[in-house]
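Okay, so here's the structure we're looking at.
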Amino acid sequence: MANKTTAEKLATLQKGYTLEGATIELGAAIIDGELHKDAPVRLPLSMMNRHGLVAGATGTGKTVTLHMMAEQLSTAGVPVFLADIKGDLSGLATAATGSEKLTARTEGIGQAWQGRTFPVEFLALGGDGNGVPVRATVSSFGPILLSRIMELNDTQESSLQLVFYFADKNGLELIDLKDLRAVIQFLTSAEGKDQLEELGGLSKATAGVILRELVSLEAQGLEKFFGEPEFDTAELLRTAPDGRGVITCLELPTLQTKPMLFSTFLMWLLADLFEDLPEAGDLDKPKLVFFLDEAHLLFNDASKAFLEAITTTVRLIRSKGVGIFFVTQTPKDVPAEVLGQLANRVQHALRAFTPEDAKALKATVSTFPMSDYDLEETLTSAGIGEAVITVMNEKGAPTPVALTRLRAPESVMGPSDEALVRSTVAGSALLAKYGTAVDNHSAFEKLSGKAEWLSTGPAAGGSVPGGPVPGGPVQGGAGHDDVDAEARRIEEEILGRPSSRPAPSAETRRRTPAESAPAPRPGAGDSMVGDIGGMLGGALGGGLKSMARSIGTQLGRELLRGVFGTSSRRRRR
C-alpha cells in the first residue's frame with residue numbers, strides 16, 4: 001500500500017468506478033491530498049436497493065449528502081422518502097443561486113452545476129407541522145410497533161397482542177386510540193371478564209397497566225396520529241408528470257418530544273410497503289429509496305422482537321425494489337445484523353476527542369475493505385462535504401475505497417420559504433384525500449352499545465356482523481404437528497433462520513398436501529400471511545390459551561399479522 005504511486009492509486013479508482021449503467025454521481029476522488037476530477041466516484045442506480053449507510057459526526061455534511069442523492073434519484077425517475085428532521089430538506093422545492101465559491105467547488109470536481117427545483121410532497125405526522133396529515137389506524141399499526149411507543153415490556157407486549165387478537169376475532173375495528181381503550185376497558189369490566197379469562201395470557205392487572213399507558217399517550221396528544229383516513233404508502237411511489245420521482249419530505253418539528261413515535265412510524269411505513277409490494281427481483285432502478293435519518297432512535301432500547309423484525313424487513317424488502325439508507329453518526333449505532341446488509345457506505349468525518357470516540361473510529365475503519373488510505377487519519381481529517389466511500393458495483397463486488405469531495409446540491413441547502421411550503425401543501429392532490437380526519441363506526445361505537453354487541457358477539461357464541469373471524473376450521477384433522485411443520489417451513493425458508501420447533505411426526509409426513517391444506521376462506525387469498533394465520537387459528541381451534549402461547553412468540557407475530565404485527569394495506573380495499 002505504501003509503495004503505490006499517486007498514478008497507480010488514481011488508476012485503481014478510475015477502473016473501480018468505471019460503470020456501464022445509470023449511476024448516481026457522488027463526487028471526485030482525493031488522492032494524496034489532491035483532488036482529481038478525472039476520477040469520478042459513482043454509485044450504480046441498480047444497486048441502490050442493496051441499502052446503505054450515511055454516517056459521520058454532527059456538522060460534517062450528512063444532510064447535504066442526502067439532499068444531493070435525492071435530487072439525482074428524482075431526476076432518474078426514482079421516488080424518494082426523506083424524514084426532514086431539521087426542516088432543511090424543504091429547500092428541494094427552491095432552486096439554489098450560484099456564487100463564486102460554489103462555482104470553484106463544482107468546477108473542481110467536474111460538476112456541470114445549475115440551480116433547479118424538484119417535485120416535493122410535504123407530509124406531517126397527524127398534521128403536526130406544515131404538510132399533508134399522515135395517519136395510521138391502530139389495527140394496521142399493530143401490537144409490536146404500538147408496544148414500542150408505549151414502552152411496554154415483553155410480557156405486556158404479548159398481552160397487547162392478545163387484545164389485538166380478541167378485537168380481530170370479534171370484528172371490533174381498532175381505528176384510533178379510543179377504540180383500543182374501549183376494548184381493554186370492556187375486557188376488564190364485569191361484562192368482559194369471561195372473555196378475559198379465556199385469553200389465558202392476559203391478566204386483569206396487565207390489562208390495567210396497558211390501559212394506563214394508553215391514557216398517557218392520549219394525554220401527550222398522540223391520538224391525532226392514529227385514525228382515518230389512513231395514509232396509503234403507495235403514495236410514496238409516485239412520479240411527477242415530467243417523469244421525475246416525487247420526493248416526499250415528512251416534517252418532524254416536534255421530534256425531540258416524540259422520538260419513539262418518529263422512529264416507529266417510519267418502520268410502519270416500511271412494514272406496510274413490505275407487506276404490500278410484489279416481488280420484483282433485480283431492477284434497473286429501485287421503486288423507492290427510503291432515507292432513515294437519526295437511525296439510532298430506531299434501535300435505542302429496542303426489544304429483541306423489534307430488532308428481529310427490522311432485520312427481516314431490511315433483508316427481504318430489497319427484492320421488492322426498495323432501498324433503505326440509514327443515516328446516523330457511527331456504524332456502531334446500527335446492529336451488526338443490519339449493518340452487514342448495508343452494501344453502500346458514505347462515511348463522513350469522525351471525531352476522536354474521547355476514548356469512546358477512539359473506539360468508534362477503530363470500529364468504523366474495520367467495516368471498510370482494505371484500501372490505499374490510512375483510514376484512521378483520513379476519517380479524522382476529512383473536511384465538511386468530504387466522505388470516505390465504497391459502494392457495490394454492478395457485479396456485486398465492493399468498489400475501491402475513495403476519499404471523495406461530494407457534489408453540491410442544485411436546490412437550496414436549507415429550508416424553503418414557509419409561504420412556498422404552505423402553498424405547495426395547499427395545492428397537493430393528497431390534501432383532499434387526507435386533509436380532514438373522519439371518525440367511522442368502530443370498536444368504541446360498538447362497545448358503547450354493549451347490549452346489541454353482546455347479543456351477537458362472543459357472549460352469544462358469535463361475532464359482530466361483518467366482522468372477520470380469522471382461523472376457520474382445518475379439514476382433514478390437522479393438529480399441532482401441522483402447525484409445527486408449517487412454522488418450521490416459514491422460519492427456515494422465508495425468514496431464513498434455523499428452527500427450534502420439533503420435526504414433523506411420521507403421520508404428518510405421510511399426510512398428502514391435500515389432506516393438510518386448510519379449507520379456502522373468503523378474502524384470504526390476498527396474502528400468504530392471512531392464509532397461514534387461518535391455518536394456525538383453525539388447527540388450534542377455539543383454545544385461546546394455546547393461541548396465546550403461539551402468538552406470544554416472535555414467529556407467531558410474524559405469521560399472524562406480518563413481520564411487525566401490522567395488517568396488510570389490502571384491508572383498506
Side-chain angles (χ1 to χ4, degrees), residues 48-54 66 70 73 78-85 121 123 125 134-137 140-149 225 230-238 245-250 252 259-280 286-300 302-303 305-328 334-335 337-339 341-342 344 495 527 529 557-558 561-572:
M48 291 291 283
N49 69 331
R50 296 304 198 270
H51 311 317
L53 176 73
V54 179
L66 307 188
L73 286 164
V78 178
V80 178
F81 175 89
L82 298 167
D84 196 359
I85 304 297
E121 189 76 66
L123 305 180
L125 287 184
V134 177
R135 305 177 187 87
T137 65
S140 71
F141 207 70
I144 297 179
L145 296 181
L146 192 59
S147 294
R148 179 160 171 76
I149 292 177
F225 299 110
E230 183 174 62
F231 185 73
D232 186 340
T233 51
E235 311 286 8
L236 303 179
L237 304 175
R238 293 178 301 138
V246 171
I247 301 173
T248 301
C249 285
L250 178 66
L252 300 159
M260 197 71 78
L261 175 66
F262 150 71
S263 60
T264 309
F265 205 95
L266 296 188
M267 286 314 301
W268 173 77
L269 292 174
L270 275 176
D272 199 67
L273 285 166
F274 174 78
E275 292 295 323
D276 208 63
L277 287 174
E279 290 292 323
K287 294 180 180 179
L288 173 71
V289 175
F290 204 98
F291 288 96
L292 274 169
D293 205 353
E294 301 291 344
H296 64 281
L297 296 175
L298 194 63
F299 304 108
N300 287 349
S303 68
F306 189 77
L307 289 176
E308 287 181 357
I310 293 173
T311 304
T312 300
T313 301
V314 173
R315 180 166 57 86
L316 298 180
I317 202 169
R318 74 182 188 188
S319 67
K320 300 190 174 190
V322 177
I324 306 171
F325 277 70
F326 293 86
V327 186
T328 189
V334 181
E337 295 82 358
V338 176
L339 188 63
Q341 299 178 55
L342 310 183
N344 303 304
L495 301 180
S527 76
V529 172
R557 287 189 283 264
E558 289 162 345
R561 272 188 147 258
V563 175
F564 278 98
T566 56
S567 59
S568 170
R569 183 163 60 83
R570 295 182 179 88
R571 66 194 171 276
R572 295 191 287 265

Checklist outcome for this item: When rounded to the nearest 0.5 Å, the distance separating CG of L237 from NZ of K287 is 8.0 Å

Item to check | From CZ (F81) to CG (L250), nearest 0.5 Å | outcome: 4.5 Å

Checklist entry - What heavy-atom pair brings R135 and W268 nearest, and what distance separates the two atoms? => result O-CH2, 4.2 Å

Checklist entry - Do E121 and E235 touch side chain to side chain, with heavy atoms closer than 4.5 Å? => result no

Next on the checklist: Show the nearest heavy-atom pair for residues S147 and P143, with the distance to one decimal.
Outcome noted: OG-O, 2.6 Å

Next on the checklist: Looking at every non-hydrogen atom in both residues, tell me the closest pair between A83 and L266 and how far apart they are.
Outcome noted: CB-CD1, 4.2 Å

Checklist entry - Is any side-chain heavy atom of M48 less than 4.5 Å from a side-chain heavy atom of F325? => result yes

Checklist outcome for this item: When rounded to the nearest 0.5 Å, the distance separating OG1 of T248 from CG of D84 is 12.0 Å

Next on the checklist: Test your reading of the model: is there a side-chain donor-acceptor pair from N49 to the backbone of V322, 3.5 Å cut-off?
Outcome noted: no

Next on the checklist: Are the side chains of L269 and F290 in contact, using a 4.5 Å heavy-atom criterion?
Outcome noted: yes

Checklist entry - Can you find a heavy atom in the side chain of L66 that is under 4.5 Å from one in the side chain of D293? => result yes

Item to check | Student check: side-chain heavy atoms of F225 and I149 closer than 4.5 Å | outcome: no

Checklist outcome for this item: Heavy-atom closest pair (L298 atom, R148 atom, distance to 0.1 Å) is O-NH2, 2.9 Å

Checklist entry - Do R318 and R50 have side chains that get closer than 4.5 Å, going by heavy atoms? => result yes

Next on the checklist: Are T328 and L53 packed together at the side-chain level, in the sense that at least one heavy-atom pair is separated by less than 4.5 angstrom?
Outcome noted: yes

Checklist entry - Does the side chain of E279 come under 3.5 Å of the side chain of S319 through a donor N or O and an acceptor N or O? => result yes

Item to check | Close side-chain approach of D276 and T233, heavy atoms under 4.5 Å | outcome: no

Item to check | Nearest-0.5 Å distance that lies between atom CG in L270 and atom CD1 in I310 | outcome: 9.5 Å

Item to check | Among Q341, E337, H51, the one residue meeting side chain to side chain contact (heavy atoms under 4.5 Å, CB included) with R315 | outcome: Q341

Checklist entry - What's the shortest heavy-atom distance between A70 and I247, and which atoms? => result O-CD1, 3.8 Å

Checklist entry - At what distance, to the nearest 0.5 angstrom, does CG of L288 lie from CD1 of I324? => result 9.0 Å

Checklist entry - How long is the gap from CG on L316 to OG1 on T311, to the nearest 0.5 Å? => result 10.5 Å

Next on the checklist: If I compare all heavy atoms of A280 with all of G321, which pair ends up nearest, and what's the gap?
Outcome noted: CB-N, 4.3 Å

Checklist entry - Should the ring pair F265 and F141 be called parallel, tilted or perpendicular, given that the plane angle runs from 0 to 90° and is split at 30 and 60? => result tilted

